Amino acid sequence: MTDKRVLLDEIDFYLVTDSGLSKKGTLSDVEKAVAAGCRIIQYREKAISTKDMILEAAQIKTLCGSESIFLVNDRVDVALAVDADGVHIGQDDMPIDTARELLGPNKIIGLTVHNIEEALEAERMGADYVGLSPIFNTSTKKDAGNGIGPESIRVVKDAIKIPIVAIGGINKQNSESVILGGADSLVAISAVVCSDDVERETREFIDLIQKIKY
Ligand code: TZP
Ligand code: MG
């Protein structure tokens, strides 16, 4: 498989799956988002068996094809089992150096960070990008904490070279402030997967982000 890390420079809208919130189901959401042009997908599933996760992850990998990056949330074992493009891990998940040892140098590792100190450490440890969280208050992740505000992104942007993916409470109304604030990419879970038309919502987010960035 080709090394998809090069595609990280081009990401705009980033889909994170949520089977609990999804109207049409995870596979449908991924299919629609990819059709709309989404170039990075994170499979985030906490409610099913490892066996079922591996089956679903393999299907998502196929949907992502060679165009879109496919990452697995938390589960380095599942990422290895299906030869995903990488993982997205949190501060309390597997340490990044252990994940790197298991995955090798060519896979993508994204790390959730909440402040500049964690972002600097993530870059130092070899993360390929950081997920800066939460930008706004959100009820999608109960323990996400209070929003840090879009103005906090610039401080992190000025301190690190790796891309910043903003997450938490982002919708079409506030996404301009997030990109102008310095984020390279953004995630909007509920704003997309709770919609009846995931393809249209994804396309609208992509258009909005590209208009601001380029
Ligand atoms: N990590 C930090 S906030 C969050 C996750 C998974 C949830 C984001 O969901 P929404 O619906 O876009 O606020
Ligand atoms: Mg995690």
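Since we're looking at a predicted model, the values are computed, not measured. Index from 1, following the sequence. In listed order, ligands and their atoms are each counted from 1. Because only heavy atoms are used, hydrogens play no part in the values below, and waters and symmetry mates are left out as well, while side chains stay in.
The contact set between ligand 1 and R44, taken as ligand atoms under 4.0 Å from a residue heavy atom, comprises 6 (C). Annotation for ligand 1: atoms under 4.0 Å from non-hydrogen atoms of T140 are 7 (C), 9 (O), 10 (P), 11 (O), 13 (O). Residue-ligand proximity, A188 to ligand 1, at heavy-atom distances under 4.0 Å covers atoms 12 (O). Every atom of ligand 1 with a heavy atom of S190 under 4.0 Å away is listed here by number and element: 10 (P), 11 (O), 12 (O).
Using 4.0 Å as the threshold, V16 has no heavy atom nearer than that to any atom of ligand 1.
Taking every heavy atom of both residues into account, C64 and V30 meet most closely at SG-CG1, 4.5 Å.
Of all protein heavy atoms, the one lying nearest to atom 2 (C) of ligand 1 is S133 OG, 3.1 Å. Among all protein heavy atoms, the one lying closest to atom 3 (S) of ligand 1 is G168 CA, 3.8 Å. Looking from atom 13 (O) of ligand 1 to the surrounding protein, the closest heavy atom is T138 OG1, 2.6 Å.
Panel note: side chain S133, backbone G168; no donor-acceptor pair is recorded below 3.5 Å. Between the K107 side chain and the A84 main chain, a donor and an acceptor come within less than 3.5 Å of each other. No side-chain donor-acceptor contact under 3.5 Å links R39 to the backbone of L8.
The side-chain heavy atoms of I162 and D128, taken from C-beta on, include no pair separated by under 4.5 Å.
The distance criterion of under 3.5 Å between nitrogen or oxygen atoms is not met by K141 with respect to ligand 1. Of the polar atoms of I189, at least one N or O is found under 3.5 Å from an N or O of ligand 1, judged by distance alone. Residue A191 has no nitrogen or oxygen atom sitting less than 3.5 Å from a nitrogen or oxygen atom of ligand 1, judged on distance alone.
A side-chain donor from one of T50 and R75 sits under 3.5 Å from a side-chain acceptor of the other.
At a cut-off of 2.8 Å, D74 is counted among the residues with an N, O or S atom near the Mg ion (ligand 2).
Here D12 does not pair with K211 in a salt bridge; the nearest charged N to carboxylate O distance is not below 4.0 Å.
Residue-environment remark: CG (D158) exceeds the threshold of 12 foreign heavy atoms within 6.0 Å.
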